[in-house]
Amino acid sequence: LAAQVLLFRHDLLQFSPRKTAYGSIYFTMLATHHAHVILGLALDAAVLWFVLVRGLTKYWLVGVRALTIFWYVVAFLAVPVLLTQLSPSL
């Protein structure tokens with residue numbers, strides 16, 4: 001995640017989201033993806049904390065399963081983000 005933040009900063013210095021449509025799409029998709037990853041990590045920490053404190057009940061098992069689905073969706077949506085990052089190189 002730290003490497004992605006450094007890459008984001010580096011790319012921001014190289015080209016601006018205000019100058020080209022590619023820059024606008026690139027930074028919008030990348031920032032949204034980073035926000036979802038940070039949200040997912042926070043949710044993982046919260047669910048882990050509650051499971052450690054209260055035990056793994058059926059209620060928290062539903063939360064763990066929901067987080068699993070969340071991570072699958074984030075991984076699936078990472079593909080267009082990665083293709084957007086690689087498209088200038090192709």
Side-chain angles (χ1 to χ4, degrees):
L1 186 61
Q4 286 292 318
V5 171
L6 290 175
L7 179 65
F8 185 84
R9 184 176 177 272
H10 175 266
D11 290 344
L12 195 56
L13 295 174
Q14 295 296 322
F15 58 96
S16 171
R18 296 180 185 187
K19 292 185 180 180
T20 64
Y22 172 77
S24 177
I25 291 168
Y26 174 79
F27 285 109
T28 300
M29 290 179 71
L30 197 59
T32 303
H33 180 68
H34 287 170
H36 281 93
V37 169
I38 291 169
L39 174 68
L41 291 174
L43 288 172
D44 279 343
V47 168
L48 181 63
W49 170 256
F50 281 112
V51 167
L52 289 174
V53 170
R54 298 180 182 169
L56 185 61
T57 62
K58 286 185 180 183
Y59 179 80
W60 289 108
L61 186 59
V62 171
V64 170
R65 288 179 178 162
L67 274 173
T68 303
I69 293 169
F70 174 83
W71 282 115
Y72 277 117
V73 170
V74 169
F76 177 75
L77 294 176
V79 173
V81 173
L82 180 64
L83 291 175
T84 304
Q85 285 179 316
L86 294 177
S87 66
S89 303
L90 300 177

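The analysis underlying the following values was restricted to heavy atoms, covering all of them including side chains, and did not include hydrogens, waters or symmetry mates. Quantities reported herein were computed from a predicted structural model and do not represent experimental measurements.
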message: Would you say Leu67 ends up clustered with Tyr59 if hydrophobic residues are merged whenever their side chains have heavy atoms under 4.5 Å apart, either directly or through other cluster members?
response: yes
- prompt: CG of Asp11 to CG of Leu6: how many Å apart, nearest 0.5 Å?
  reply: 11.0 Å
message: On a heavy-atom basis, which atom in Trp71 and which in Leu41 lie closest, and how many Å separate them?
response: CZ2-N, 3.7 Å
Pairwise side-chain contact, Arg65 with Leu61, heavy-atom cut-off 4.5 Å (strictly under): yes
message: I'd like to know if Ile25 and Leu77 are part of one continuous hydrophobic network [Ile/Leu/Val/Met/Phe/Trp/Tyr, side-chain heavy atoms within less than 4.5 Å].
response: no
query: Taking atom CG of Leu13 and atom CZ of Phe8, what is their separation to the nearest 0.5 Å?
result: 10.5 Å
- request: Would you please test Tyr26 and Thr20 for side-chain contact (heavy atoms from CB on, under 4.5 Å) and show each step?
  value: CA-CA 10 Å; Tyr26 174 79; Thr20 64; over 6 Å; no
- line: Scanning both residues in full, the closest heavy-atom pair of Ser16 with Phe27 reads C-CE1, 4.4 Å
- prompt: Do Phe70 and Leu48 belong together in a cluster built from hydrophobic side chains that touch within less than 4.5 Å?
  reply: no
field: Gap between atom CG of Asp44 and atom CG of Leu39 - 0.5 Å precision
entry: 9.5 Å
message: In this structure, would Trp49 and Leu52 fall into the same cluster of hydrophobic residues linked by side-chain contacts under 4.5 Å?
response: no
query: What pair of heavy atoms forms the shortest contact from Pro17 to Ser24, and how long is it?
result: O-CB, 3.5 Å
message: Show the nearest heavy-atom pair for residues His33 and Val81, with the distance to one decimal.
response: CB-CG2, 4.0 Å
In one Ile/Leu/Val/Met/Phe/Trp/Tyr side-chain cluster, 4.5 Å: Leu43, Val51: yes
task: Take Leu30 and His34 through the side-chain contact (heavy atoms from CB on, under 4.5 Å) test and state the conclusion after the steps.
output: CA-CA 6 Å; Leu30 197 59; His34 287 170; 3.8 Å; yes
- request: Show your reasoning for whether side-chain contact (heavy atoms from CB on, under 4.5 Å) applies to Trp60 and Thr57.
  value: CA-CA 5 Å; Trp60 289 108; Thr57 62; 3.4 Å; yes
